[in-house]
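Chain naming here is simple, since letters A, B, ... match the order of the sequence lines and numbering starts at 1 in each.
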Amino acid sequence: MSSEMVRVRFAPSPTGYLHIGGARTALFNWLLARRFSGGKFVLRIEDTDRNRHVEDSVDKILEDLRWLGLQWDEGPEVGGDYGPYYQSERLETYRKYVQALVDKGDAYYTFDTPEELERMREEARRAKTNFRYPRPERFATAEEVEAARSEGRPGVVRFKMPGEAITVNDEILGEVTLEADELEDFVIQKGDGWPTYHMACVVDDALMKITHVLRGQEHLMNTPKHIAIQRALGFTTPKYAHLPIIFNMSGSKMSKRDKEKAEKRGELPPEIDVFDFRVGGYLPEALRNFISLLGWSTGDNEEQLTLEETVNRFAVSDIGRSNAKFDRDKLLSFNRDWSGRVSEERLLESFKDYLAVNGSGMRRLDDALLGRVLRLCEGFRTFRDVVNKVGFAFAGDEEIVFDAKAVKKVLFKNEGAGFAILAQLAESLVAVGDWEAGRLEECLACVCDREKVKLGAVAQPLRVALSGTAVSPAIYDTLELVGREGTLRRIKRALALKDQPQ
RNA sequence: GGCCCCUUCGUCUAGUGGCCUAGGACACCGGCUUUUCAUGCCGGCAACACGGGUUCGAGUCCCGUAGGGGUCACCA
């Protein structure tokens, strides 16, 4: 790629949170801009469909992008020389270009109703032929358009496709040619006077001096249309690169439907939007690294790269052509590795973000304690795992629910040996001097010695008493976290289980 | 259905005619470490969709078949 100024854009529609597929598209564009000095990453909001507009979604998308570390050089909140960056604020511009096309005879008004169009399509379906919009013999004159408008029939504007094959020179897929008879006259201005995606997109890409368009492969069939408009308007065609699509492990497109389905089954809904991963306890570093490897690779055996390393190695020519399935297990593994790689400060910051976003009660703990918790849980996969593992230490005694299996196995087994140890422990622990891990270790060692048992025989009953389950961080640290009073109360509470029917 | 794209372990991928007895990562299986859960370390299983060509030689090039996907809106 030449050293000419690279200008790329990410152009989401404000219909909800940032989807994981969109995030990958944004990332690749961002990487391309950063790869070349002077490169610019433009963010443009494609809000030309008022019906689909979702309140606050622009803010959410901006937040998701920033969370991933993808700051834009031009766009909402930061401005730029080619704004406005909301298409809804550029209506006059689109109208001007549409009019220019109409004046040149490259586009024309038509007045079919949606019902009429549907009827024509239905007929084609019945005849098992492909529907192509039949271009009228003669285009409406300016007077006829005006007359129709005054009757309340504004009509739509259709682009007159040149009767020739169009070849897309895709940076990833190579040459893709569509024959003339595959291309129909499509709508560029809707009945409400707003442009369609095709028109707005082409005009903006030209006016914003976009040099490379990296977008999902679902746009491939749109590209000949865009090229046709560019030619009619005298715009240069940017370089196109159509990215492979990201699927679920099931092979279906990752969609919000999956979330609804899982919820109905009472399962934990799968993460689909970037925000889901944030709430799920993932590090943006891990998610970003993982999605960069969907459709792209370094060419050697290195996978876990920092953003900077990714920038330095990224090349459009290394992007693959086949669709990829989103393997959550591998993401989980990446997240575990990244949790061990980032600085303590970064990890703490991210953990606090997780607690805040989830409204967890642990968000009120101080940094030192939170940092300690993180260290105790080293090897965790997500922040959710951390909270699952140590949350009990910060919960009220009455919130501790005893896991029946753990109670049976650890406390009742061997004629209630666990209960016996617990009773012993209660006495010994009262006498511990400083309530800190070192002293506690000595105390437990002493009990083991006296009772002639292994540490496990002491630690497990204690763990069940403190957490209700057989899982917790190292037992000394766990004791320290729960505190002397809490520990004694919980042991007492566990001892009460002995007399309850199993 | 028309058109278009794709096809290497279960998954993400390396591989651009001989370096491939096909490499890595995740998952999985086994072992070691360990007071629990994890982590960590060591080892193992596992793929060129199929059929024809081209070539001394094909995962790599060509054609076909099959399979998967995208797209056929006054959505983007």
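- Closest contact between the side chain of A:L294 and the listed nucleotides B:C12, B:U11, B:C6 involves B:C12.
- Between A:R121 and B:C74 there is a side-chain N or O to OP1 or OP2 distance below 4.0 Å.
- At B:U36, none of the side-chain N or O atoms of A:S472 fall inside 4.0 Å of OP1 or OP2 (strictly under the cut-off).
- Listed nucleotides B:A27, B:A76, B:C37 differ in distance to A:R336; the shortest reach to its side chain belongs to B:A27.
- The pairing partner recorded for B:G2 is B:U71, the criterion being a Watson-Crick or G-U wobble arrangement whose two distances lie under 3.5 angstrom.
- At least one donor-acceptor pair under 3.5 Å links the side chain of A:D403 to the backbone N or O of A:A406.
- A close approach under 4.0 Å does occur between a side-chain nitrogen or oxygen of A:T48 and OP1 or OP2 of B:A76.
- With distances taken from any side-chain atom of A:K330 to the nucleotides B:A76, B:U36, B:C26, the minimum falls on B:C26.
- What separates CG of A:N130 from P of B:U71 is a distance of 16 Å, to the nearest Å.
- A search for ring-ring contact (aromatic ring centres under 6.0 Å, His included) contacts involving A:H219 returns A:Y197, not counting sequence neighbours.
- Rounded to whole Å, the separation between the C1' atoms of B:U60 and B:C3 comes to 28 Å.
- Distances shorter than 4.0 Å separate some side-chain N or O of A:R158 from OP1 or OP2 on B:C74.
- Each of B:A27, B:G70, B:C4 was ranked by its minimum atom distance to the side chain of A:L178; first place goes to B:C4.
- The shortest distance between the side-chain N/O atoms of A:K190 and the OP1/OP2 oxygens of B:C75 is below 4.0 Å.
- Partner assigned to B:A66 is B:U7, using Watson-Crick or G-U wobble distances below 3.5 angstrom.
- Residues A:F314 and A:F28 place their aromatic rings such that the two centres sit under 6.0 Å apart.
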